[in-house]
Amino acid sequence: MELELRHLRTVRAIADTGSLTKAAATLGLAQPALSAQLRRIEKALGGALFDRDHTGARATPLGELVLERARVVLPAVSELQAEAVRFANARGALDRFRLGGTHGPLLGGLVDRMAAAHPSAAVSTYTSWSVDEIASLVIDGRLDFALIGTCGESAPPLADRLVWEVVGVDPVFVMLPENHPLAAEAELDLAALADESWADVPGDGCFADCFTAACARSGFTPVSVFETDTSSVVHLVQVGRAIGLCRATFPPTPGVVTRPLAGAPLSWRHLVGWHPHSPAADAAAGTVAGATREAYAEAVSRSPSYARWLGAHPRFGTVA
């Protein structure tokens, strides 16, 4: 029998779990089938790989040698597969712009700019609530660029494998119905909203925890938080069912006013990312990153009150 990658995965699973029973469950095999496979592997390699008794399975010296090699070979093969997929999907020169984004305010502006600047290139979009999913699609070569947001200073996903540029930083504003008693205030203390219900858009990351912590610092626990899509958040605010949480670049909406929170206790970073070894990397710095900053600046300009607020809060806004 010739040794295959699946055999190395079997050996690693037994070592990692310390038990044939647990390894069989991990691999989705029946234990007798796994035991038979292990005997064939040991026969091919010339000796026992594990000492087995009622307490579990422990690697023999030969087993340790095989495991040492397996822990190098298996990650290398996985990386090779990822690189191959990325290469196959890249198609050489960048004659298309596959943009992935969460449900933020900048994706439409970026699409408009890329389509105008590159009329012969295909521009496509993919949206998801999950920044992890968007980043993984860039790693796999199925998207060229990711346009995402992260809470505060939290790291973007796969930061060790993708290049990320921050294009803008927003405070988190609150959305009030236009007839709310506090709608006329220029700025609100979070504590003044302690008795309200809340609504926001779900996603990966720490925003929910950061919001709860900000409320705790203001002396209260949120009554309830509705996590739903953007349209539903707006509806809940319009009918007075909840106070919404939004980026300061949220566009003007009938029946709704947005207001800053005193001290800007919550913030949101807009980032664009790409794989450093893909054809997209050559187009990123000069074209896509610049167009994303332009889209962000346009989003800011659509909110005169936010533009005025930025004048007194220079740590927010466009990041050069």
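What you are looking at is a predicted structure, and each value in this text was computed from that prediction instead of being measured. Scope of the values below: all heavy atoms of this structure, side chains included, with no hydrogens, waters or symmetry mates.
Alongside V233, the hydrophobic cluster contains W129, M175, V201, V234, V237, F250, V256 (criterion: ILVMFWY side chains under 4.5 Å).
Side-chain atoms of H180 and E196 form a donor-acceptor pair, as typed in the model, at a separation below 3.5 Å. In this model, a donor atom of one side chain and an acceptor atom of the other lie less than 3.5 Å apart for D229 and S232. Between the side chains of S130 and D132, no donor-acceptor pair is found at a separation under 3.5 Å.
Using a 4.0 Å cut-off between charged side-chain N and carboxylate O, E42 and R52 make a salt bridge. Taking 4.0 Å as the cut-off between side-chain N and carboxylate O, R98 and D144 count as a salt-bridged pair. The pair E79-R161 counts as a salt bridge, with a side-chain nitrogen and a carboxylate oxygen less than 4.0 angstrom apart.
The minimum heavy-atom distance linking S224 with S197 is given by the pair OG-OG, 3.1 Å. A183 and E178 make their closest contact through CB-O, 3.6 Å (heavy atoms, listed as atom of the first residue, atom of the second, distance). In this structure, G46 and L62 approach most closely via the heavy-atom pair C-CD2, 4.4 Å. Nearest heavy atoms, P276 versus V163: CB-CG2, 3.8 Å. Looking at every heavy atom in both residues, I148 comes nearest to P157 through CD1-CD, 3.6 Å. When all heavy atoms of E227 and A208 are compared, the closest pair comes out as OE2-CB, 4.3 Å.
Hydrophobic clustering (ILVMFWY, side-chain heavy atoms < 4.5 Å, transitive): L266 and W198 are in one cluster. Hydrophobic clustering, with ILVMFWY side chains joined whenever heavy atoms are under 4.5 angstrom apart, keeps V169 apart from V172. Taken together through direct or relayed side-chain contacts under 4.5 Å among Ile, Leu, Val, Met, Phe, Trp and Tyr, V174 and L310 form parts of separate hydrophobic clusters. L236 and I243 end up in different hydrophobic clusters when Ile, Leu, Val, Met, Phe, Trp and Tyr side chains are linked at under 4.5 Å. L5 is connected to L3 through a chain of hydrophobic side-chain contacts under 4.5 Å among Ile, Leu, Val, Met, Phe, Trp and Tyr, so both are in one cluster.
Taken to the nearest 0.5 Å, the CG atom of L245 stands 12.0 Å off from the OG1 atom of T258. From R142, atom CZ reaches atom OG of S136 across 10.5 Å, with rounding to the nearest 0.5 Å. Interatomic distance, OG1 of T228 versus CG of D200, reported as 9.5 Å (0.5 Å rounding). Distance CD1/I41 to CG/L8: 8.0 Å, rounded to 0.5 Å. The distance from the CG atom of L27 to the OG1 atom of T17 is 8.0 Å, given to the nearest 0.5 Å. If you take CD1 on I14 and CZ on R58, they are separated by 13.5 Å, rounding to the nearest 0.5 Å.
The neighbour count for R302 CZ, taken as heavy atoms of other residues, nucleotides or ligands under 6.0 Å away, is above 12.
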Could you pull out every donor-acceptor pair under 3.5 Å between side chains of residues 106-121 and any protein atom, sequence neighbours left out?
from	atom 1	to	atom 2	distance (Å)
R113	NE	E294	OE1	3.4
R113	NH1	G109	O	3.2
R113	NH1	E298	OE1	3.2
R113	NH2	E298	OE1	3.4

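Applying the ring pair (Phe, Tyr, Trp, His ring centres under 6.0 Å) definition to pairs two or more places apart or across chains, none involves residues 32-84.
Between H275 and F145, every side-chain heavy-atom pair lies at or beyond the 4.5 Å cut-off. Within the 4.5 Å cutoff, the side chain of R315 has no heavy atoms near those of the S267 side chain. Residues P177 and Q238 form no side-chain contact, since every pair of their non-hydrogen atoms from C-beta on lies 4.5 Å or further apart. Taking the side chain as every heavy atom from C-beta outward, R259 and L182 never approach each other to under 4.5 Å. Using a 4.5 Å heavy-atom cutoff, the side chains of V319 and V167 are not in contact. Counting only heavy atoms from C-beta outward, the side chains of E64 and P61 never approach each other to under 4.5 Å. Contact annotation: the side chain of I139 approaches that of L158 to within less than 4.5 Å [non-hydrogen atoms, C-beta and beyond]. Taking the side chain as every heavy atom from C-beta outward, S303 and T249 never approach each other to under 4.5 Å.
Shown here are the side-chain contact (heavy atoms from CB on, under 4.5 Å) partners of C151, two or more places apart in sequence or in another chain: S154, C206, F207, C210, W268. Scored by the salt bridge (Lys or Arg N to Asp or Glu O under 4.0 Å) test, R6 finds E4 as partners (sequence neighbours excluded). Evaluation of the side-chain contact (heavy atoms from CB on, under 4.5 Å) rule for P171 yields F173, A248, A264, Y306, W309, F316 as partners, not counting sequence neighbours.
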>> Between V272 and W274, does the side-chain contact (heavy atoms from CB on, under 4.5 Å) criterion hold? Intermediate values first, please.
In response: CA-CA 7 Å; V272 60; W274 59 89; 4.1 Å; yes

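A donor-acceptor pair under 3.5 Å is absent between the side-chain atoms of R12 and the main chain of L67, judged by distance alone. Checked by atom type and distance alone, the side chain of T127 never pairs as donor or acceptor with a backbone atom of T102 at under 3.5 Å. Side-chain atoms of D53 come within 3.5 Å of backbone atoms of T55 as a donor-acceptor pair (strictly under, hydrogens ignored). The closest donor-acceptor contact from the side chain of T253 to the backbone of P251 lies under 3.5 Å.
Each of T150, T318, D170 was compared with H270 under the side-chain hydrogen bond (donor to acceptor under 3.5 Å, both in side chains) criterion, and only D170 meets it. Results of the salt bridge (Lys or Arg N to Asp or Glu O under 4.0 Å) test with D16 over K22, R9, R71 single out R71 as the only residue that passes.
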